[in-house]
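For ligands, and for the atoms within them, numbers begin at 1 and follow the listed sequence.
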Amino acid sequence: MFGQMQDVPLLVNRILDHALVNHGEREIVSRLVEGNIHRETYADAHLRARKLSQALQALGMGVGDVVATMAWNTHRHFEAWYGITGVGGIYHTLNPRLFPEQLSYIINHAEDKIILTDLTFVPVLEGIEKDIPNVKAIIIMTDAAHMPETSLKNVLCYEDLIDSNNGDFNWVEVDERAPSGMCYTSGTTGNPKGVCYTHRSNVLHTLTSLSNDVMGLSSMDSVMPVVPMFHANAWGLAFSAPAVGSKIVNPGPNMDGESIYQLLTEEEVTFSAAVPTVWLMLLQHMEANNLKLPKLNNVTIGGSAVPRMMLEKFERDYGVMVKHAWGMTELSPLGSIASFKSGMEHMSFDEQMDIKVKQGRPPYLVEMKITDDEGNELPRDGKAFGHLMVRGPFIVGEYVKGDGGQILDKDGFFDTGDVATLDPLGFMQITDRAKDVIKSGGEWISSIEIENIAVGFDKLQETAVIGVEHPKWDERPLLIVVKNPGVEVTKEEVLAYLDGKIAKWWMPDDVVFVDEIPHTATGKIQKLTLRQQFADYTLPTAEKAAE
Ligand code: AMP
């Protein structure tokens with residue numbers, strides 16, 4: 001027997017319909033690749049997305065077709081997602097920071113038929129065009145006046161396509177379990193793997209992310225998604241902002257401190273989301289110029305661990321509430337967020353920061369557990385580290401085309417590849433990626449925790465910790481640092497800074513200074529490259545142990 005409620009499918013395009021009817025006047029402001037600031041409303045975006053759907057349909061796109069985007073966050077990229085899903089198609093976000101071979105692999109693997117690109121990435125596509133023979137057309141997201149000279153064949157101009165359609169179009173209805181979007185994981189080892197979101201999973205993720213304990217957006221907010229739409233589904237903001245009618249402020253290609261600061265203040269942004277690197281640039285810019293943030297109330301930071309110093313600066317010096325979030329492409333991407341539970345508001349500042357450095361609690365619709373190597377569940381005592389496993393309706397069940405085989409355990413939990421603790425109040429803390437964990441004398445050392453503490457030393461700009469072979473302990477931590485420009489700092493000073501802040505046996509056996517720490521296409525520290533770089537490194541303690 002079934003109940004008797006309306007069976008309205010959970011489709012992403014209905015989010016934009018809601019925005020049209022209820023928030024049609026609300027603005028989408030974008031800094032464009034062409035240099036200017038562009039303004040339109042949700043009503044404009046709805047019309048232009050429908051016009052794009054007409055254009056895509058005329059190009060033969062329909063239900064199940066994959067249309068890629070390689071673009072910054074702008075109104076056009078926003079319209080593209082809805083225009084593509086509007087014909088029953090699948091938006092596939094390409095991360096332009098990937099190597100050309102990875103890009104052509106992904107384009108072919110996903111079977112992209114059309115690519116929409118910003119002007120910035122035309123040279124990238126020119127370089128790989130011969131390797132992506134199944135792409136039928138490339139739409140350059142600009143107007144006729146800015147169309148570039150290009151060797152690309154079958155090139156179309158986005159604004160011409162919009163202008164040549166009238167928008168008289170009804171979204172194609174698909175099943176709510178039909179695919180709506182696709183995003184490939186950054187693939188630090190092996191080929192990148194595809195995650196294919198359904199309409200239903202994106203809508204459920206939207207509802208979860210909008211709850212007060214998560215991002216809690218409202219129609220009063222002005223939202224700046226600095227997280228790129230080409231990475232991890234832009235943390236769902238292209239759906240959650242229109243679902244409540246928040247203003248959207250798109251930073252386009254400029255993510256330096258000065259440009260971000262300018263938009264934050266001029267557009268009276270109240271909420272923003274980005275990875276720690278972006279916030280570091282903003283904080284440096286504000287400190288150097290003695291600036292404040294009068295309107296910004298709330299930032300969600302994730303993608304890598306948030307250093308305590310960053311939390312403290314935002315909250316104490318700028319009065320901005322930080323929510324530390326953890327997620328992955330495979331989770332649409334939100335998995336947990338560090339928002340307070342009742343009583344925590346009365347804690348001391350330091351105690352509050354102890355909670356906020358953790359990656360937080362799973363919201364409703366995410367179930368979480370930690371397990372040992374045999375799959376046995378470990379206690380939620382805040383001490384035991386284990387494989388972080390998750391289950392829920394917006395979490396991947398299988399990679400595109402079955403890559404990687406069966407990825408769920410017998411109870412349907414996905415192994416995130418992260419290692420974490422869970423405390424009795426439900427707060428999770430990432431200690432490492434499983435493959436980056438340092439094993440010393442049979443015990444695990446958290447590289448992330450040492451990195452976070454070390455980066456609090458004001459003479460250091462960036463830190464990375466890797467395990468290096470040791471004759472006695474198997475592996476010992478090596479701290480690799482980039483110092484702040486123009487300062488002098490010694491190994492002894494760095495170690496003295498750490499002394500007393502971490503367990504004695506976690507103290508790095510050595511500190512090396514480098515000019516740069518390598519990063520992946522999504523801005524994470526490339527530990528694999530560092531491990532290769534330091535594969536033959538002999539720790540001073542190793543020499544002693546060998547004597
Ligand atoms: P991606 O799918 O590219 O977003 O990468 C997901 C991975 O980023 C996770 O599995 C974590 O290893 C890492 N990550 C994301 N958020 C955090 C965070 N707040 N703290 C530490 N690591 C994080």
Quick one: do the [X] and [Y] side chains pair a donor with an acceptor below 3.5 Å?
X	Y	answer
N233	N202	yes
W235	T300	no
Y497	D458	no

Only heavy atoms of [X], strictly under 4.0 Å: list the atoms of ligand 1 that pass.
X	value
T329	1 (P), 2 (O), 3 (O), 4 (O)
W326	9 (C), 11 (C), 14 (N), 15 (C), 16 (N), 17 (C), 19 (N), 23 (C)
H231	1 (P), 3 (O), 4 (O)
A325	16 (N), 18 (C), 19 (N)

contact_flag T185 ligand 1 heavy-atom lt 4.0 Å =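 Distance cut 4.0 Å: T185 fails for ligand 1.
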Measure the distances from the heavy atoms of G327 to every atom of ligand 1 and state whether one is below 4.0 angstrom.
->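 Yes; G327 lies near enough to ligand 1 that a heavy-atom distance drops under 4.0 Å.
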Tell me whether the centres of the aromatic rings in Y184 and H109 are closer together than 6.0 Å.
->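 Yes: the rings meet the under 6.0 Å criterion.
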Rounded to the nearest 0.5 Å, what separation is found between the CE atom of M389 and the CG atom of D409?
->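 Separation between the atoms: 4.0 Å.
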Option from R361, K383, Q429, K358 for which side-chain hydrogen bond (donor to acceptor under 3.5 Å, both in side chains) with D423 holds =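 Option passing the side-chain hydrogen bond (donor to acceptor under 3.5 Å, both in side chains) with D423: K358.
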Should the proximity of [X] to ligand 1, defined as any heavy atom under 4.0 Å, be assigned to the side chain, the backbone, both, or neither?
X	result
Q359	side chain
A305	both
P333	neither

Nearest option to atom 12 (O) of ligand 1, as decided by whichever heavy atom of D418, T431, I448 sits closest |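 Residue with the shortest heavy-atom distance to the ligand atom: D418.
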Could you tell me whether G303 and ligand 1 have an N or O pair separated by under 3.5 Å?
->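 Among all N and O atoms of G303, at least one is under 3.5 Å from an N or O of ligand 1.
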Honestly, is K356 close enough over F340, meaning NZ or CZ under 6.0 Å from the six-membered ring centre and within 45° of the axis?
->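 Here K356 passes the 6.0 Å and 45° test against F340.
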Is R476 reaching over with its side chain to a backbone N or O of D509, donor-acceptor style, under 3.5 angstrom?
->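 Between the backbone of D509 and the side chain of R476 there is no qualifying donor-acceptor contact (under 3.5 Å).
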